[in-house]
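Take a look at the structure set out below.
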Amino acid sequence: MGLQIGGWSLMKKYDLLRTGDSIIRVLEIQDDRILVIDCIKHSMPVWVEVKSLKSESLRTELFHPGMLESGMSESETSEFYSQCSGKEVSVCTDDELFEATGFTCIHIDVLDVDQRKVMYERYTMITPILPFIADEKMRSKLICSVAEEHHVSKQTIRNYLCLYLSYLDVTVLAPKKRKNDRELTQDEKNIRWALNKFFYTTKKQSLMTAYTMMLKEKYCDAMGVLAEEYPSFYQFRYFYRKTRKMQNFYISRDGLKNYQRNNRPLTGEGVQEFAPAVGVGMLDATVCDIYLINKEGNLVGRPILTACIDAYSGLCCGYSLSWEGGVYSLRGLMLNIIADKVAWCKRFGISIQKEDWDCDRLPGTFVTDMGSEYKSENFEQIAELGVTVVNLPSYRPELKGLVEKFFDLLQGMYKKHLKGKGVIEPDYQERGAHDYRKDACLTMMDFEKIILHCMIYYNSKRIIENFPYTEAMIDAQVKPYASCIWEWGKSLIGANLINVDCRELILTLLPRTTGRFGRTGLKVNKLRYYCEGYTEQYLSGGTVTVAYNPEDVTSVWVIENGVYTEFVLIESRFQGKDLTEVQEIQSSQKDIAKSEMRNNLQAQIDLAQHIEAIAGSVNSNTDVHMKNIRNTRKKEQRRCHQDYMKEGSNHG
C-alpha cells in the first residue's frame, strides 16, 4: 500500500527517506500519516504526519516520475506541495544508508557457525513482535513477554528490533567478529619480548624468572633502580596465558624432535593408511631388558632383537636375536622371514603346527625408520627382488606402532617370569639401584627359546580385540588371532608377498664394491680372483660390480644383468679367512716392508760406494787387443776351471 495522490502511488512501504542529517524508513502508511524509524539513531518507530514533510525535489525523486503527465492538474500538484511543510525530504538508497552508518552488507554464507546461531536466536526473539509493529500497546506488551521468556532485558529486545527494522536484513543481528589486531602497548611489547627471550627457550626458565629479567632489562635505570611504574606479575601472566600457543611452547622449550615424538597431535589413521592388505612389513630393533651370560658363565650383556611385523594382521613374520645390530642383524632377519618356521622351531626343541606361523615369503613393502642400517645401500639392494622400502620421517613411531607395541608385549610376557634372573627393572639407572648384571644366569640359547615361545603365543593365541573386522571376515568366522587373520589376508586380492630363494636373498644382501679386470685376474679388495671364460675381460681390462662376503674371501660374485657369477680366490694362502683378517695380514706385511725402507736405502748407498771403490782402483787400459778372442776365452776357461768334487772333498 502506498500514499495515494490523484490515484498515483507516491510513497511505498519500506522506502528510505533522508530528512536533514537523519535517514528514516517507512514501515507503515495510513491515510495522511506514516510510521517511520530513524535508521541512524535506531530509535523506536513513531508516527508522523505527511504534511510535516516538504521538499522541492519531490517532483523528481519522492513521487512517481510521470505524475505530472498522468492527469494530475498543476493546481492539484501545487496544493500537495503546499501541504508538505516542515522538514525537507528526499529519496535515499540502501547504499547511502550503509555509507552513513558504516554498515557492510555481507552474505549469510560468509558467517561462521557461531555467528549464524546467534543471529537466528536474536531474530527468533523479535519475530512475534514484527506483525504488531504499528500497535504501540501490543508492541510494548510483546517486548516485555519476550524479554522475560528469553531472560534478557527489554532494552536488548528493543535494540534487536530497531536494528532489524532499520536495515531489514537478518545478517545485521549477527555478532561481530572480535578483532585482535589492536596495537600493543609498550608494556605488552616488553612482556612479549621477555617471553621470547627468557621463557620460550631451551633453558626452560619459569615465568617469574622471565618477569624478573624483564624488569631488570626494561624497567630499571643505569643504576639498576626499579622505575615507579611497571607491569605487575599478574599482568605479565595474563598476557602470557592470553597469547600462549601450545605448539610454540613445546617446540621452543623442548625442541622440535621432542615435540614430534611426544607432543604433536596424532590425527592420522596410522597403519591403515598404507596397509590395506597383507604384505606390509614393519621393521625395527630394540635392546632387550635382560642381561645374558655365555656358556662359561661370564657376563656378555644385553642382546639385540630385530623383528618384522605385518602391518595388516600383526603377525611376526620373522626375527633376529644377536649380539650385533645394523645390517648384520637385518641379514639374519631376512633369512628368518623366508625360513620354514616349523623346522626353525624344531632346532630349539619346540614343536608347532604350520598354521601357527605360516610365513615363508617376503612382504612386498618394508616400512622402516630413519636408522642408518635401513638407509644404507646394502639394505636398499633388496629392492632388486621387487621389495619396496619406505623410510618414515624421524620421530614418527605411531606410523609403525605395531612393531613398537610388539616389543612392549613381548618383553612384558617374559619379564614377569624372569625377575631375579637378569631382567632389568625400571629403576636400573637410579642411584643405589640393584645391579641387575649380577643376576644374569641365562645364555643366548636359553633366552631364544623363551623368545620363541612368546612369539608363538603372540602369533597364534593372543586375542586382537580392536581389529577392524569386515562383514566377509565375520561370515567366515575368522578367529581374532594374528595367524588366523594372516591366513585370511593371504587369500585376498592385494596381498603382496614375494617368493625368494634363500641363495638369491643372501647374494642380494651382500655388500658390493667395484672390481677391476687385469692380466693377473679380477682384483677385488686387493685380492685376485679367477673364473673360466673371462679371458677377453682379463686382456681388455675394465670395471665391474662385485658382491663379496666379508666373512670369507674365498669367493666373490660378479653381477651382470642381475646374474651372479662366482669367482674363486687365486691366492690360496687367504683361503677361508675373513676380509678383516686378510686386511690385517696385508697391512702387517706393508708395515714390515716399510720398517726396512731405511735399511734398504742404506744398503743401496753402500753398494754404490763399493762398486765405485772397486772401479776406481783399476787402471783404465785403452790398448785392448781384439784379436783371437775365442782362443783367449778358452785359455781363461782352463785357468779358472775347478774340480768341484775335489773342492767338496777338501771342504768336507
Side-chain angles (χ1 to χ4, degrees), residues 294-296 298 300-301 303-304 306 318 320-340 343-344 347-348 373 376-379 381-382 384-385 443-445 448 500-535 537-538 541-560 562-595:
N294 60 13
K295 294 180 180 180
E296 290 74 28
N298 299 321
V300 181
I304 298 172
T306 307
S320 171
L321 188 66
S322 63
W323 298 113
E324 297 181 50
V327 177
Y328 174 82
S329 64
L330 285 176
R331 290 195 200 116
L333 172 63
M334 295 299 114
L335 291 174
N336 186 260
I337 291 175
I338 65 172
D340 182 356
W344 177 264
R347 293 170 53 183
F348 296 89
E373 66 270 28
S376 66
E377 289 184 11
N378 196 186
F379 179 66
Q381 290 165 190
I382 201 170
E384 296 174 5
L385 301 175
T443 64
M444 177 68 92
M445 178 63 72
E448 189 157 3
V500 180
D501 178 71
C502 182
R503 180 179 181 276
E504 184 182 7
L505 177 60
I506 293 173
L507 292 176
T508 302
L509 291 176
L510 286 177
R512 297 176 182 180
T513 187
T514 300
R516 184 175 294 278
F517 285 109
R519 289 186 62 196
T520 57
L522 175 65
K523 200 162 189 179
V524 181
N525 295 326
K526 300 181 180 179
L527 296 173
R528 297 186 299 121
Y529 293 86
Y530 172 77
C531 180
E532 290 287 348
Y534 282 80
T535 302
Q537 284 86 340
Y538 298 143
T543 59
V544 68
T545 301
V546 178
Y548 65 94
N549 182 9
E551 298 170 5
D552 187 356
V553 299
T554 303
S555 299
V556 296
W557 292 265
V558 170
I559 305 172
E560 293 177 310
V563 178
Y564 292 82
T565 304
E566 185 177 6
F567 278 62
V568 296
L569 185 67
I570 295 175
E571 301 165 278
S572 59
R573 60 195 175 104
F574 295 130
Q575 287 279 355
K577 291 181 169 41
D578 63 49
L579 183 60
T580 303
E581 188 179 357
V582 170
Q583 290 175 340
E584 288 177 355
I585 294 173
Q586 292 173 334
S587 178
S588 298
Q589 182 178 344
K590 282 186 176 181
D591 292 341
I592 293 173
K594 188 175 181 180
S595 65

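Every heavy atom of this structure was used, including side-chain atoms; hydrogens, water molecules and symmetry mates were not.
Minimum heavy-atom separation, Ala547 to Leu510: CB-CB, 4.1 Å. Here the shortest heavy-atom pairing between Thr508 and Ile382 reads CG2-CA, 4.0 Å. Residues Ser329 and Thr306 come closest through the heavy atom pair OG-OG1, 3.4 Å.
Rounding to the nearest 0.5 Å places CG of Leu579 at 8.0 Å from CD of Gln586. To the nearest 0.5 Å, the span separating OG1 on Thr443 from CD on Glu448 amounts to 10.0 Å. To the nearest 0.5 angstrom, Ile338 atom CD1 is 5.5 Å from Leu335 atom CG. Atom-to-atom distance recorded for Arg331:CZ and Leu505:CG is 10.5 Å, nearest 0.5 angstrom. The distance from the CD atom of Gln589 to the CD1 atom of Ile592 is 7.5 Å, given to the nearest 0.5 Å. Between the CG atom in Leu522 and the OH atom in Tyr530 there is a gap of 12.5 Å [rounded to 0.5 Å].
Using a 4.5 Å cut-off on side-chain heavy atoms (C-beta onward), Ile585 and Lys577 make contact. Side-chain contact between Val558 and Val556 is absent, with no heavy-atom pair separated by less than 4.5 Å. Taking 4.5 Å as the limit, some side-chain heavy atom of Pro303 sits within range of a side-chain heavy atom of Leu321. Looking only at side-chain heavy atoms (C-beta outward), Tyr534 and Thr565 come within less than 4.5 Å of each other.
Pairs of residues two or more places apart, or lying in two chains, never qualify as ring pair (Phe, Tyr, Trp, His ring centres under 6.0 Å) while including a residue from residues 572-593. The list of side chain to side chain donor-acceptor pair (under 3.5 Å) pairs with a residue in residues 544-553, not counting sequence neighbours, reads Asp552-Thr554. Within the structure, side chain to side chain donor-acceptor pair (under 3.5 Å) pairs that include any residue of residues 516-529 do not occur (at least two apart or interchain).
For Trp344, the side-chain hydrogen bond (donor to acceptor under 3.5 Å, both in side chains) criterion is met by Tyr319, not counting sequence neighbours. Not counting sequence neighbours, the partners of Glu571 by the salt bridge (charged side-chain N to carboxylate O under 4.0 Å, His left out) test are Arg573. The side-chain hydrogen bond (donor to acceptor under 3.5 Å, both in side chains) test applied to Arg512 returns Glu384, Tyr564, not counting sequence neighbours.
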